[in-house]
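Each chain gets a letter, A, B and so on, in the order its sequence line appears, and its residues count up from 1.
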Amino acid sequence: MPRARAVYAAAVAAGLAVAAAVVWAFAQALAASPENPWAAFPISQAFLAARGALLILGGVVWALGTAAFVMELAGYTVTRRGLRRTGVGVASWSVVDVALTALSAAVYGGLLFATAPIVLVPGFTWLRPANALAPLFGMFFGLPGCLGAAIGNLIADILGGFFGVGSIGGFVGNFLIAYLPYKFVRDHSFSTAPSIGEFYVWGVLGQAIVSAVYICWWLDVMQAFIGLPVFVIWGIIAPIIFSNNVIVTATLSPVLGRALFPLIKARGLYWRDRL
Amino acid sequence: MLAGIYVERDSFFHRLDPRAKLAWALMVLAASMATQFNGLKGSPVFASVVLSLAASGLGAGLAALVMLNASVFLLVSVLMWAGMYAAEGRVIAQLWWLRITDVGALVALGKFLLIINPVLAFAVFFASTRPYHVSWTLERLGVPSKLATAFVIAICLLPSMARRARDVIDVQRARGLALDKGGLLERLAKYAPVLIPLMARLIGDVWDLSMVLAARGLGYARRRTYVLEPRWRLRDTLFLAASLAFYGGVAAWGLLP
């Protein structure tokens, strides 16, 4: 038991350390190259250097992520015993599930509009506090919450001027941000060591890497239609997605989760209680 | 509250079949993508979208407001893309370290139009199509009924959610919360008193909305039925043909070297 606690503590420390390292590294890159900090940002360099491997890895992530998205919506999931019916596919949704999807999407999209981004470094990058909610939607509301995060992001894309071929990647990518902690974090209460430890593995580090690779692989493959150069895709967009998701979810999501879980459970909206 | 961004008018666009309008919005997107490296070629698309804004009865005021907001995008676009194409073409301006060439300016304008044209087109679509008919259109495209309903409710609730978020921020500011002061972690932590009340309101709304949906019989049948279904008319065919010819021509022009 103490060993398990140490592993969870290490996961939390790793999540927070990565978030702190991202901020520190970007500040260093800006000091070294004020005109183009991305060229000196180690995370940009890492993504660009590993582009060849990421194109292969991204293809696998894209196939698995898209398959998970389609299967879960159709009411199937992969378990250790093979493909199983979940009974929570869209076809079997109740009115509460539809309401949860719509309201999650509206709150997520509305917050993306209403909250001013926090500037990490003036003129270069910013953090969106609303992103802290996406993993929580999945953990608390289940599949409707995952889809709410995806639809909220799509609406923000449509009305914010970023709708295009790339939005397909963004739609499923945002679904995965909520889906990974929903699927792999076993205790969603944020009140035990396993709950917080697993959240930092899947809800902070896992989703940040998967969403950055998923979205940017799609942008790279669709380069002919989207028209973004490789440096922008892997050197700017991928580090922004990764940094934003790591910093916001590592610092804000556990605090929100700890405060909101009892409220959601008391109102009978926690997905496991509704099965 | 559920009207969302729909504006009641009796305009040409309001009378069109939603499928024709959606196809038009997607054609605007495709033509903007095809002309994204030459803003000059993309300008007819922009002109057509502004004309559509007027034809949808939303007025020139809204168009001016949108374009004013969009000037921020233009500035960012010029800073980003002109810098990337600084080595190509003839230099037309030098702003501090930024060399703007004719090629860079055309790309920057093209990328700006790639952002603003679809935004205006979808604004026309959503503002001139009843939420009820947006849902109907999505179902016709094969989207499951429950998903289409959730999407349309989310679109409709978005303005009121954004207002609600601003209200919570204002209230917390009045109580002394300074969201724009302090270090990075401190500023992020300050968003907890904004996000928690919003989520608490969401939790409260879920059961109300569920009861409304249940009272309307959502999910009773596999396929939702509609009392007022749009009908495809000759004007829709003509509008679609004209759009196809115009945007197809612009896209072909944009793809030419």
Enquirer: Taking all non-hydrogen atoms of both residues into account, name the closest pair between B/L213 and A/A99 and its distance.
Expert: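 Looking at all heavy atoms of both residues, the shortest contact is CD1-N, 4.1 Å.
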Enquirer: How far apart are the C-alpha atoms of B/R201 and A/V107, what are their side-chain angles, what is the distance that settles it, and do they pass the side chain to side chain contact (heavy atoms under 4.5 Å, CB included) test?
Expert: CA-CA 10 Å; B/R201 288 289 298 270; A/V107 165; over 6 Å; no
Enquirer: Could you report the tightest heavy-atom contact between B/L158 and A/G109, atom names first, then the distance?
Expert: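 Looking at all heavy atoms of both residues, the closest pair is CD1-C, 3.4 Å.
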Enquirer: Would you compute the distance between atom CG of A/L100 and atom OG of B/S210 and round it to the nearest 0.5 angstrom?
Expert: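 So the CG of A/L100 and the OG of B/S210 are separated by 6.5 Å.
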Enquirer: Is the shortest side-chain heavy-atom distance between A/L256 and B/M199 below 4.5 Å?
Expert: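 The answer is no; the side chains never approach within 4.5 Å.
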Enquirer: Which heavy atom of B/L202 sits nearest a heavy atom of A/L103, and at what distance?
Expert: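 That closest heavy-atom pairing would be CD1-O, 3.6 Å.
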Enquirer: Among A/I264, A/L269, A/T101, A/V90, single out the residue with the greatest number of heavy-atom pairs under 4.5 Å to chain B.
Expert: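 Between A/I264, A/L269, A/T101, A/V90, the count favours A/L269.
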Enquirer: Give, as side chain, backbone, both or neither, the part of A/F140 having an atom under 4.5 angstrom from any heavy atom of chain B.
Expert: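 A/F140 has no heavy atom closer than 4.5 Å to chain B.
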Enquirer: Check whether A/L136 gets within reach of chain B through its side chain, its backbone, both or neither, counting any heavy atom under 4.5 Å.
Expert: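 Neither part; nothing is under 4.5 Å.
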Enquirer: For the backbone of B/L147 and the side chain of A/W93, can you confirm whether one donor and one acceptor N or O come within less than 3.5 Å of each other?
Expert: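 Absent.
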Enquirer: When heavy-atom pairs shorter than 4.5 Å are enumerated against chain A, which of B/A34, B/A192, B/P118 gives the highest number?
Expert: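 Maximum pair count with chain A is reached by B/A192.
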Enquirer: Within this structure, what is the OG1-CZ distance for the pair A/T251 and B/R187, rounded to the nearest 0.5 Å?
Expert: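 Reported to 0.5 Å precision, the distance equals 12.5 Å.
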Enquirer: From A/L252 CG over to B/L188 CG, what is the distance, rounded to the nearest 0.5 angstrom?
Expert: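 The CG atom of B/L188 is 6.0 Å from CG of A/L252, to the nearest 0.5 Å.
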Enquirer: Take A/V248 and B/Y191, measure what side chain to side chain contact (heavy atoms under 4.5 Å, CB included) needs, and give me the verdict at the end.
Expert: CA-CA 10 Å; A/V248 173; B/Y191 272 90; over 6 Å; no
Enquirer: A/P129 and B/L195: which non-hydrogen atoms are nearest, and at how many Å?
Expert: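 Looking at all heavy atoms of both residues, the closest pair is O-CD1, 3.8 Å.
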Enquirer: Please give me the minimum heavy-atom distance between B/W207 and A/G268, naming the atom from each residue.
Expert: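 Nearest pair, atom of B/W207 first, then A/G268: CZ2-O, 3.9 Å.
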Enquirer: I need the minimum non-hydrogen distance between B/A214 and A/V95, along with the two atoms involved.
Expert: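 That would be N-CG1, 3.7 Å.
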Enquirer: Which bit of A/S92 comes within less than 4.5 Å of chain B, counting heavy atoms only: side chain, backbone, both or neither?
Expert: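 For A/S92, the backbone is the part near chain B, not the side chain.
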Enquirer: Non-hydrogen atoms of chain A under 4.5 Å away: do they reach the side chain of B/I203, the backbone, both or neither?
Expert: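 Answer is both: backbone and side chain atoms of B/I203 are under 4.5 Å from chain A.
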